[in-house]
Amino acid sequence: MAAARSMKLDVVTIFPRMVEAPLAEGVVGRAIQRGLIDVRVHDLRAHTTDRHRSVDDVPFGGGPGMVMTPEPLFRAVDAIARERGEPAAVILTSPDGRLFTHREAERLARLGHVVVLCGRYEGVDDRVRHHLATEELSIGDYVLSGGELPALVIVDAVARLIPGVVGDEASVARDTFARGLLDFPQYTRPAAFRGLEVPPVLLSGHHAEIERWRRREALARTLETRPELLETAALDDEDRAWLQELVELREKGAS
Ligand code: 4GX
């Protein structure tokens with residue numbers, strides 16, 4: 001059988017060290033060492049042509065702040081395409097993008113080669129958005145000082161979905177957003193800690209009961225903190241009956 005070609009990821013940034021250091025640690029660091037993912041970080045300034053290596057300029061029409069200039073970004077992607085092959089997607093990280101979700105991570109993990117452009121300053125020249133980026137993604141509704149953390153978030157979430165990156169495939173499939181529900185509570189030893197005891201069912205050895213308890217806890221947590229997830233989660237009749245019970249209990253408690 002042909003060896004699986006590892007997923008290629010390229011990150012373009014004016015702060016390469018800010019991206020490189022986190023990538024060297026943990027699950028992602030190990031995946032890179034093992035050749036399961038091939039991540040390169042590119043210094044945008046290496047693709048400038050002027051004496052000052054500038055990557056930004058004042059906005060046409062006036063206004064505060066600076067805008068990332070198109071030339072270095074286009075040149076960086078051209079160089080990546082030459083050295084690494086044509087990417088399947090060029091992502092611009094920006095608060096104006098579509099929300100990056102687990103579903104988006106699953107889609108990107110199937111692409112084979114993805115470039116992430118880290119925006120800085122007030123943003124990028126709109127010709128980058130229209131003619132270089134193939135998509136624009138936001139990691140959430142808050143304002144960061146640059147696209148480097150979003151790029152790391154995207155690389156991390158995508159890397160975990162590449163076969164072999166996370167040791168236990170079953171645990172990836174069981175993850176919160178893969179299942180559509182929040183996680184059930186986890187405990188480890190000791191069984192009693194400063195007088196706080198682990199739920200007895202977990203020590204009972206009754207696997208069916210443990211599964212039922214976990215399912216119920218996951219449903220209760222989801223109802224409490226992320227009720228909108230229940231609209232799209234796969235629920236059976238027993239789940240619905242338990243949720244109904246929780247809602248009734250809550251109504252009694254409130255009155
Ligand atoms: N999820 N930021 C990007 C500059 C910028 C603005 C517009 C391109 C277009 C963010 C987020 C985020 C702050 C990174 C503004 N670049 N990115 N930067 N939230 O807040 O992705």
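Index from 1, following the sequence. Note that these values count all heavy atoms, side chains included, but never hydrogens, waters or copies made by symmetry. In listed order, ligands and their atoms are each counted from 1.
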Check: Is the backbone N or O of Phe177 less than 3.5 Å from a side-chain atom of Asp175, with the two atoms forming a donor-acceptor pair by type?
Finding: no
Check: Quick check: does any side chain N or O of Ser94 sit under 3.5 Å from a backbone N or O of Asp96, one acting as donor and the other as acceptor?
Finding: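 Looks like yes, one N/O pair under 3.5 Å.
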Identity and separation of the nearest protein heavy atom to [atom]:
atom                    : result
atom 16 (N) of ligand 1 : Gly119 CA, 3.4 Å
atom 8 (C) of ligand 1  : Ser94 CB, 3.6 Å
atom 1 (N) of ligand 1  : Ile139 N, 3.0 Å
atom 6 (C) of ligand 1  : Gly123 CA, 3.4 Å
atom 12 (C) of ligand 1 : Pro95 CD, 3.5 Å

Next item on the list: Consider every N or O of Pro150 and every N or O of ligand 1, then say whether any pair is closer than 3.5 Å.
Entry: no
Checklist line | Contact (N/O only, under 3.5 Å) between Leu144 and ligand 1 | finding: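 Yes.
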Are [X] and [Y] close enough for a salt bridge, meaning some N to O gap below 4.0 Å?
X      : Y      : answer
Arg84  : Asp38  : yes
Glu136 : Arg129 : yes
Arg107 : Glu135 : yes

Margin query: Can you tell me how far apart CG (Leu223) and CZ (Arg250) are? Round to the nearest 0.5 Å.
Written below: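 So the gap between those two atoms works out to 4.5 Å.
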Margin query: To the closest 0.5 Å, what do you measure between CD (Gln244) and CG (Asp237)?
Written below: 12.5 Å
Notebook entry, point to check: With a 4.5 Å heavy-atom cut-off, do Asp125 and Thr69 have their side chains touching?
Noted result: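 The answer is no, as the side chains (C-beta and beyond) never meet within the 4.5 Å cut-off.
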Checklist line | ligand 1-proximal atoms of Tyr121, by part, heavy-atom distance under 4.0 Å | finding: backbone
Check: Of the backbone atoms (N, CA, C, O) and the side-chain heavy atoms from C-beta on, which set of Arg120 has a member under 4.0 Å from an atom of ligand 1: side chain, backbone, both, or neither?
Finding: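 Looking at Arg120 and ligand 1, just backbone atoms fall under 4.0 Å.
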Would you mind running through ligand 1 and noting each atom that sits below 4.0 Å from a heavy atom of [X]?
X      : value
Val143 : 20 (O)
Thr93  : 3 (C), 8 (C), 16 (N), 17 (N), 21 (O)
Gly140 : 19 (N)

